[in-house]
Amino acid sequence: MPDTALMPIAGAVDPVPVARAITPRADGRIDLIGLPRAEIAELFSDAGLDAKAAKLRAKQVYHWLYHRGATEFAAMTDIAKSMRPWLTERFVIGRPEVVEAQHSTDGTRKWLLRTADGHDFEMVFIPDETRGTLCVSSQVGCTLNCRFCHTGTMQLVRNLTPGEIVGQVMLARDALGEWPRGRMDFEIEDAEDETVGRYSADGRLLTNIVMMGMGEPLYNFDHVKQALRLVMDGDGLGLSRRRITLSTSGVVPMMERCGEEIGVNLAVSLHAVTKDVRDEIVPLNRKYGIEELLAACAAYPGASNARRITFEYVMLKDKNDSDEDARELVRLLKAYKLPAKVNLIPFNPWPGAPYECSTPDRVRRFAEIVFEAGISAPVRTPRGRDIDAACGQLRTAAEKKSRAQRDREAAGALTA
Ligand code: SAH
Ligand code: SF4
């Protein structure tokens, strides 16, 4: 097992994404999850299939992996029986390991997951009346050290691989029992072309994805892009890009590429409207300031009144929550003519946090000012409080438990 603790850790303000090779498995087999069709075909051809057979088998395997959620080659019924052991000898179908799975009384579910080389990260599922949102992590830890964020107190361990990112969505579908059993589950938008079929939201629990778990997705751009392409592919997981939101703390140089090459909805962690306060709570602001960030938002490809940009604003007592702050927020969003909605997030405290949450009255008044200016400003209800379902919190709680206790709890966690 490589010693990732020896990896260089990127600086706070000018981080360099830490690219790290996928750990080879001890048994020499290759995990296919996270790979696009063409790479699977290449592996099959390297393993001895001729080009035509490699392409055909890759198409079939891809469909079984990402569209049907198969977890073993033996289940791939349209692949010749003799071929299935050939696949099993050489390849595996991975999922992140579940260390702990928790179920809140309000329906929120949280998983502590572990990479094959032993790093823990998190995933949260939040159902409400109209949708079910999966909050996906992009890195183990984060380089950015936002002062109110618990993940920000951990150093970056490494970027998650495309397989570990798409693997979260696949694991959630496993746990929720939501793989299609056949084409019956599909809305076929164009009968001639099966690949444009999309899941309908009707009756489905997992309808939306937000890249809002641990880490800064735009500092792991290539892996996030590869993973989300698999999620959005009609013959892959088949979720519409309109149901996917990527949240960034403001990595300005990557925002345009995000809109152009991934094409998902954008959320921006604004959290403050003055240089002093944003410099303090989101240190990346010292590199890409508020004006530059809002200009990049105004230029975000695909943003419109029908597809507005979400501005996240965590409510911190006596820090960023005055009437004046609310009025300045409105002024800025209007000055840049942004198709915007604001999400007001009550601060979720963690042990040792240097801030407190604003009072309910303060949050209400702040929301009123923004709303009265014609900008939607819902206050997010804290979810899963009984299971600490906030950024970075499950991992810390689990570190206090014994390994044996976690193993006991993990047994059967997926079926819980
Ligand atoms: N790195 C990206 C995405 C992950 S953080 C980003 O910063 O946008 C996802 C969201 O959770 C951010 O808006 C972040 O500000 C918010 N968040 C982090 N810690 C929080 C806390 N303790 N209470 C409330 N919101 C928090
Ligand atoms: Fe990283 Fe986002 Fe947390 Fe900031 S808020 S430390 S960018 S995960």
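In this text the structure is predicted, and so the values were computed from the model without any measurement. What you see below is based on every heavy atom in this structure, not just the backbone, and it leaves out hydrogens, waters and symmetry mates. Atoms within a ligand are numbered from 1 in the order they appear, just like the ligands themselves.
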Please examine the side chains of Leu270 and Arg278, heavy atoms only from C-beta on, and report whether any two atoms are closer than 4.5 Å.
yes
Show which atoms of ligand 1 fall inside a sub-4.0 Å distance from at least one heavy-atom site of [X].
X	answer
Glu312	10 (C), 12 (C), 13 (O)
His271	13 (O), 14 (C), 15 (O)
Ile345	24 (C), 25 (N)
Trp350	22 (N)
Phe347	21 (C), 22 (N), 23 (N)
Gly213	4 (C)
Thr248	6 (C), 8 (O)
Cys149	18 (C), 19 (N)

Under 4.0 Å from a heavy atom of [X]: which atoms of ligand 2 are those, numbered in the order shown and with their elements?
X	answer
Leu144	7 (S)
Gly152	6 (S)
Gly215	8 (S)
Cys142	1 (Fe), 6 (S), 7 (S), 8 (S)
Ser249	7 (S)

[Y] backbone acceptor or donor facing [X] side chain under 3.5 Å:
X	Y	result
Trp350	Phe148	yes
Arg383	Asp106	yes
Ser137	Glu122	yes
Tyr313	Asn320	yes
Thr207	Gly132	yes
Arg307	Arg242	no
Gln155	Gly141	no

Got a sec: is Cys146 within less than 2.8 Å of atom 3 (Fe) of ligand 2 via an N/O/S atom?
no
Among residues at least two apart in sequence or on other chains, which ones pass side chain to side chain donor-acceptor pair (under 3.5 Å) with Arg308?
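Scan of Arg308 (side chain to side chain donor-acceptor pair (under 3.5 Å), adjacent residues dropped) gives none.
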Between Lys225 and Asp222, does the salt bridge (charged side-chain N to carboxylate O under 4.0 Å, His left out) criterion hold? Intermediate values first, please.
CA-CA 5 Å; Lys225 174 175 151 181; Asp222 292 336; 5.7 Å; no
Mind checking whether [X] contacts ligand 1 via backbone (N, CA, C, O), side chain (CB onward), both or neither, at a 4.0 Å heavy-atom cut-off?
X	answer
Glu216	both
Leu144	neither
Asn348	both
Met214	neither

Mind checking side-chain contact (heavy atoms from CB on, under 4.5 Å) for Ala373 and listing every partner two or more places apart, or none if nothing turns up?
Val330, Lys334
Taking N or O atoms only and a 3.5 Å limit, does Phe148 qualify as a polar contact for ligand 1?
yes
Hey, does His150 come in under 3.5 Å of ligand 1, counting only N/O atoms on both sides?
no
Basic-acidic side-chain contact under 4.0 Å: Arg331, Glu328
yes
Tell me, with the steps shown, if Arg365 and Glu368 meet salt bridge (charged side-chain N to carboxylate O under 4.0 Å, His left out).
CA-CA 5 Å; Arg365 181 68 196 123; Glu368 262 168 26; 2.8 Å; yes
Can you figure out which of Gly250, Gly215, Pro349, Ser249 has its heavy atom closest to atom 1 (N) of ligand 1?
Gly215
Look at ligand 2 and say whether Ser269 reaches it with a heavy atom at a distance under 4.0 Å.
no
Cys149 N/O/S atom closer than 2.8 Å to atom 1 (Fe) of ligand 2:
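No, Cys149 does not qualify, because none of its backbone or side-chain N, O or S atoms lies under 2.8 Å.
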Hey, does the Lys NZ or Arg CZ of Arg37 hover above the aromatic six-ring of Tyr62, less than 6.0 Å from the centre and inside 45° of the axis?
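Yes, Arg37 sits over the ring of Tyr62.
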Does ligand 1 have an atom under 4.0 Å from some heavy atom of Ala353?
no
